[in-house]
Amino acid sequence: MGDSGEIQAQGPSRRAFVGGALTAAATVGLGGKSAWATVGDARARVPAGMFSLGVASGDPDADSVVLWTRLAPDPLNGGGMPPIDVSVHWEVAEDERFRRVVRHGTASARPAWGHSVHVTVAGLRHDRWYWYRFLSEGQVSPVARARTAPARPRGDALRFLFASCQNWQAGFYTAWAHAPAEEPDLVVHLGDYIYEGGISASAPRQNNSGEIFTLADYRNRYALYKGDLLLQAAHAMCPWVVTWDDHEVANNYTGLVPQNPAGAATFAARRAAAYQAWWEHQPVRLPKPVGPDLQIYRRVHWGRLATFHVLDTRQYRSDQVCGEGLGPDCAERSDPTRTMLGTKQERWLGRGLARSEATFEVLANQVVMTSMPIGGALRSPDQWDGYPVARTRLLDQLRAAGTTNPVVLTGDIHASGVGVVVDEAPDAPAVATELVGTSITSSFDPALADIAEQLIGDLPQIEWVNARQRGYVRCDVTADELVAQYRLVDTVRELTSPIATATTWTVEAGNVAPHAT
Ligand code: FE
Ligand code: CA
């Protein structure tokens with residue numbers, strides 16, 4: 001254990017901690033190595049700086065939460081740990097100075113899992129904030145906040161942020177810099193947490209390597225992202241609930257089919273590497289992956305207020321048809337054997353919706369769900385529009401379950417949108433609200449913003465659209481309403497940028513559609 005002076009230096013108030021992280025970001029440069037800890041002579045076998053990737057918490061329930069870290073003193077070069085198991089002590093306290101430690105224990109960081117640590121801390125009180133930290137080999141991690149969810153039937157208020165698409169090379173995490181000041185209870189990340197691509201010399205900041213394929217590659221890419229102190233501060237403020245989209249493996253893949261046919265023979269191995277690295281770097285309450293498979297769809301309950309049905313629309317889906325991009329319809333699109341969620345996940349979702357008693361049923365989804373015929377005819381084959389029969393089955397499940405207040409959260413398209421989910425039939429009724437968040441950084445081609453906003457905005461199911469700005473969505477939920485504020489920054493090409501609410505929409509309990517506030 002480090003000396004108390006060092007621990008105190010790491011454990012000021014939450015605001016001071018976040019501020020300190022931001023100052024450090026400015027000092028060393030984003031993505032630079034942090035220098036959290038020193039190491040004594042007796043500990044020389046483990047290098048200093050083991051906690052360079054920060055800490056995180058996630059997947060809370062009413063009496064437990066998952067704590068995460070990964071030991072990586074040389075983060076961009078395989079981590080830099082010796083090939084041995086390392087004991088990591090963890091502490092959970094009711095106060096930021098760790099005078100009232102309520103839970104503690106020891107976990108093992110193993111080379112086979114990238115020296116990552118996942119601890120499910122149980123026996124906590126409902127609906128409470130805690131502070132946590134890790135200690136190992138004389139080094140101490142940053143201090144961060146985690147919390148539990150309220151127990152059913154309680155739960156009066158929830159503030160969550162949702163976000164997606166944080167391509168490193170597209171810009172700086174200027175939006176994440178503002179997230180701690182929102183004081184959220186939860187962050188829901190809808191995927192494209194990393195991107196697999198190579199180096200673009202003209203980007204605002206560069207990737208660490210060419211396109212990634214191996215476990216070592218994916219680990220180093222996560223380490224690049226996790227080294228960003230603004231992202232670390234966003235993880236330190238509250239638990240996250242994380243799902244994935246395509247770029248955690250490769251652009252527009254489906255199941256075991258890569259977009260590039262040349263990679264088909266090796267794609268299962270690539271997906272296995274990518275899924276393992278995802279598991280190693282996320283604070284998830286999930287068993288370790290087995291080969292190329294990892295079931296990540298799951299539910300997170302916030303008392304009786306909200307249930308999050310966290311979806312996986314990549315691992316089980318049928319391959320895209322009707323071409324690669326936005327294009328005309330084709331007969332294969334309506335093949336009833338095509339699936340988006342896979343049979344098992346579909347059944348799981350239907351059962352969960354039927355049983356749930358939450359006021360708001362939130363679907364943590366990836367790609368746009370509502371029917372969106374651009375110009376009246378063109379469909380995007382990677383979205384739910386490419387899987388219309390599967391979408392009809394899902395909307396039928398929502399109706400059959402008599403689901404109250406279904407709200408679909410969507411990422412993927414790097415543009416903001418507010419609307420309702422409708423099927424393709426003419427005059428199809430609205431079944432759910434859909435809130436499409438923009439990206440944290442990832443680009444929407446500015447040359448296409450005007451035409452995209454016009455064509456999407458013309459659709460009667462779309463109430464509001466913005467293809468120009470990056471950011472996240474803040475949702476305040478009570479038993480009466482869900483209020484969504486689109487929090488957008490001016491730019492991600494500078495280190496800092498002001499944030500503002502571009503628009504606010506309210507979903508009242510009992511109403512399917514949102515209204516402008
Ligand atoms: Fe994306
Ligand atoms: Ca995507």
Side-chain angles (χ1 to χ4, degrees), residues 161-173 175-176 187-198 200 203-205 207 211-212 218 221-222 224-225 228 231 242-255 257-260 270-271 274-275 278 282 296-297 310-320 324-326 340-341 363-370 372 379-387 408-417 434-446 448-449 452 456 465-473 488-489 492:
L161 312 182
F162 75 89
S164 64
C165 297
Q166 49 189 35
N167 189 348
W168 178 269
Q169 289 197 143
F172 300 100
Y173 293 155
W176 282 134
V187 170
V188 179
H189 198 292
L190 303 174
D192 290 357
Y193 187 101
I194 61 160
Y195 282 68
E196 80 282 13
S200 163
R205 56 179 176 176
N207 276 336
E211 184 170 349
I212 55 177
Y218 281 98
R221 184 59 55 89
Y222 275 101
L224 175 73
Y225 282 59
D228 186 299
L231 182 59
V242 179
T243 181
W244 60 36
D245 194 23
D246 50 340
H247 288 287
E248 280 85 350
V249 182
N251 185 45
N252 279 6
Y253 84 95
T254 57
V257 180
Q259 185 178 41
N260 179 358
R270 185 182 190 182
R271 196 178 92 171
Y275 283 10
W278 180 87
Q282 299 295 11
I296 70 163
Y297 59 83
V310 182
L311 303 184
D312 175 356
T313 60
R314 284 289 160 194
Q315 187 173 185
Y316 312 105
R317 70 153 101 176
S318 310
D319 196 17
Q320 295 100 342
E324 286 290 333
L326 190 65
M340 181 63 117
L341 299 175
L363 273 57
N365 170 57
Q366 286 85 56
V367 295
V368 169
M369 186 174 286
T370 194
M372 214 167 74
R379 300 279 177 177
S380 180
D382 189 60
Q383 297 179 1
W384 280 88
D385 260 349
Y387 304 80
V408 177
L409 311 181
T410 298
D412 180 57
I413 58 168
H414 312 168
S416 302
E434 183 163 13
L435 303 173
V436 183
T438 181
S439 55
I440 289 290
T441 52
S442 306
S443 306
F444 192 103
D445 184 348
L448 298 176
I456 296 170
V465 60
N466 173 324
R468 293 153 207 286
Q469 284 172 280
R470 317 276 76 86
Y472 51 79
V473 182
L488 306 182
V489 293
V492 295

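In this chain, numbering begins with 1 at the start of the sequence shown. Every number for a ligand or one of its atoms is a count from 1 in the order of the listing.
Looking only at N/O/S atoms, Asp192 comes nearest to the Ca ion (ligand 2) through OD2. The nearest N/O/S atom of Asp412 to the Ca ion (ligand 2) is OD1. The minimum distance between the Fe ion (ligand 1) and any N, O or S atom of Asp192 involves atom OD2. No other N/O/S atom of His414 lies as close to the Fe ion (ligand 1) as NE2 does. Sorting the N, O or S atoms of Asp246 by how far they are from the Ca ion (ligand 2) puts OD1 first.
There is no side-chain donor-acceptor pair under 3.5 Å between Ser200 and Gln169. Between the side chains of Gln259 and Gln320, no donor-acceptor pair is found at a separation under 3.5 Å. Side-chain contact, Trp244 with Gln282: no donor N or O sits under 3.5 Å from an acceptor N or O.
For the pair Arg314 and Tyr275, the cation-pi criterion (under 6.0 Å, within 45° of the ring axis) is not fulfilled.
Under a 3.5 Å cut-off, the side chain of Arg271 and the backbone N or O of Val257 do not form any donor-acceptor pair.
Among the atoms of Tyr195, an N, O or S atom falls under 2.8 Å of the Fe ion (ligand 1). Within the 2.8 Å limit, Cys165 places at least one N, O or S atom next to the Fe ion (ligand 1). For a distance bound of 3.0 Å, the N, O or S atoms of Asp245 include one lying that close to the Ca ion (ligand 2).
No side-chain heavy atom of Tyr297 sits less than 4.5 Å from a side-chain heavy atom of Leu341.
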